[in-house]
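A quick write-up on the structure given underneath.
Basis for what follows: all heavy atoms, side chains included, without hydrogens, waters or symmetry-related copies.
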Amino acid sequence: MKKIVILISGRGSNMQALLEAKLPCHIAAVISNRADAKGLETAQQHGIPTEVVAHAQHPNRESFDTALAQLIDTYQPDFVILAGFMRILTPAFVAHYQGRLINIHPSLLPSYGGLHTHARALQDGVKVHGCTVHFVTPDLDHGPIIVQAVVPVLQDDTEQSLSKRVLREEHRVFPQVVRWLCQDQVELTSEGHVRLRRRKQSGFALISPGLE
Ligand code: NHR
Ligand code: GAR
């Protein structure tokens, strides 16, 4: 059975979706860069070991990333899952986990990398938005894409209503991707492409706003 470590920074609802999905893997630990992350309590309630590596107690990113990787490696995970983890990682850290480091991002990459994705999408008036699960590379939010979920942006959406609609899809696609990883159904090739061994695909269009 594969082993995973989940990294969080806050609420941890994506982590919770993973814990509740009964995935065919061993969730070895949940690690946060903030001691006050709500998700740590949730993990403990599920009987998962939790750890904190406080970025604020390190002089620079290299020092933080080195400490984080040392701790992660004590669990010998097959995959490291960023579930609302909010610290940009150094190239050395990313290289150490090449092909084993996954992130969920609240936008349709390559649009709206970085922070405040929902506010920026609303500001631009885009009509569809969503989330992306991707392999992490040193190039922030530009790693090879595994899956995306698209939602409509509705006329009276606020940051809150839009983020809620996207988050619901995050909680569906993220456990699916981790399940694929744990069953060797998806991998990052040496050329940096995503290879997915799956039969079913859907060809529906989402038109937003819909046609009459
Ligand atoms: N690291 C690398 N090298 N590559 C990626 O693709 C990464 C990554 C680390 C995190 C998640 C990402 C997201 O999905 C992620 C992808 C944090 C920031 C950020 O600006 C940006 C993108 C992501 C995560 N963080 C600030 C920083 O200075 C701190 C912000 C805060 O603490 O609230 O690190 O969105
Ligand atoms: C999620 O929407 C996730 O996609 C996003 O933060 C939220 C975390 O919520 N991640 C990032 O923005 C990464 N920079 P959660 O803690 O409840 O999973």
Item to complete: Count the heavy atoms of every other residue, nucleotide or ligand shown that sit under 6.0 Å from CD of Gln98, and state whether that count exceeds 12.
Response: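 Incorrect, the count does not exceed 12.
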
Worksheet item: Is it true that atom CD of Gln185 has more than 12 heavy atoms of other residues, nucleotides or ligands lying nearer than 6.0 Å?
Response: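 Enclosed.
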
Any side-chain heavy atom of [X] sitting closer than 4.5 Å to one from [Y]?
| X | Y | result |
| --- | --- | --- |
| Val151 | Glu169 | yes |
| Ile31 | Val52 | no |
| Leu7 | Ile81 | no |
| Ile8 | Met86 | no |
| Lys127 | Pro209 | yes |
| Ser32 | Thr50 | no |
| Val133 | Asn103 | no |
| Leu162 | Val153 | yes |

Worksheet item: Does Glu191 have any side-chain contact (heavy atoms from CB on, under 4.5 Å) partners at least two apart in sequence or in another chain, and if so, which?
Response: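 side-chain contact (heavy atoms from CB on, under 4.5 Å) check on Glu191 returns Thr189, His193.
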
Item to complete: Show your reasoning for whether salt bridge (charged side-chain N to carboxylate O under 4.0 Å, His left out) applies to Asp184 and Lys2.
Response: CA-CA 10 Å; Asp184 286 319; Lys2 302 265 200 241; 3.3 Å; yes

Report the distance from atom [atom1] of [X] to atom [atom2] of [Y], rounding to the nearest 0.5 Å.
| X | Y | atom1 | atom2 | value |
| --- | --- | --- | --- | --- |
| Ser163 | Glu170 | OG | CD | 9.0 Å |
| Ile48 | Ile6 | CD1 | CD1 | 7.0 Å |
| His105 | Gln148 | NE2 | CD | 10.5 Å |
| Leu181 | Glu187 | CG | CD | 10.0 Å |

Name each donor-acceptor pair under 3.5 Å that joins a side chain in residues 62-72 to protein atoms two or more places apart or in another chain, with its distance.
from: Ser63; atom 1: OG; to: His58; atom 2: ND1; distance (Å): 2.7
from: Asp65; atom 1: OD2; to: Thr90; atom 2: N; distance (Å): 2.6
from: Asp65; atom 1: OD2; to: Thr90; atom 2: OG1; distance (Å): 2.7
from: Thr66; atom 1: OG1; to: Glu62; atom 2: O; distance (Å): 2.7

So which heavy atom on [X] is nearest to which on [Y], and how close?
| X | Y | value |
| --- | --- | --- |
| Leu19 | Ile27 | CD2-CD1, 3.4 Å |
| Gly114 | Arg120 | C-NH1, 4.1 Å |
| Gly130 | Val166 | O-CG1, 3.4 Å |
| Ile4 | Cys182 | CG2-SG, 4.3 Å |

Are [X] and [Y] connected in the hydrophobic side-chain network, where two residues link if heavy atoms are under 4.5 Å apart?
| X | Y | answer |
| --- | --- | --- |
| Val80 | Phe85 | yes |
| Val5 | Leu101 | yes |
| Leu89 | Ile102 | no |
| Trp180 | Met15 | yes |

Worksheet item: Which residue pairs pass the ring pair (Phe, Tyr, Trp, His ring centres under 6.0 Å) test when at least one of the two sits in residues 122-175, sequence neighbours left out?
Response: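 Residue pairs passing ring pair (Phe, Tyr, Trp, His ring centres under 6.0 Å), neighbours aside: His118-His129.
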
Check the side chains of [Y] and [X] for a donor-acceptor pair under 3.5 angstrom, ignoring hydrogens and angles.
| X | Y | result |
| --- | --- | --- |
| Thr42 | Gln16 | no |
| Tyr112 | Asp124 | yes |
| Glu41 | Gln45 | no |

Item to complete: Could you tell me which residues satisfy ring-ring contact (aromatic ring centres under 6.0 Å, His included) with Tyr75, sequence neighbours excluded, listed by chain and number?
Response: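 Residues passing ring-ring contact (aromatic ring centres under 6.0 Å, His included) with Tyr75: none at all.
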
Discussion item. Restricting to ring-ring contact (aromatic ring centres under 6.0 Å, His included), what partner residues turn up for Phe93, sequence neighbours left out?
Written reply: Tyr97

Discussion item. Can you list, by chain and residue number, the hydrophobic cluster partners of Leu154 when the side-chain cut-off is 4.5 Å?
Written reply: none

Discussion item. By the definition side chain to side chain contact (heavy atoms under 4.5 Å, CB included), identify the one residue from Val147, Leu196, Leu18, Ile104 that meets it with Val177.
Written reply: Val147

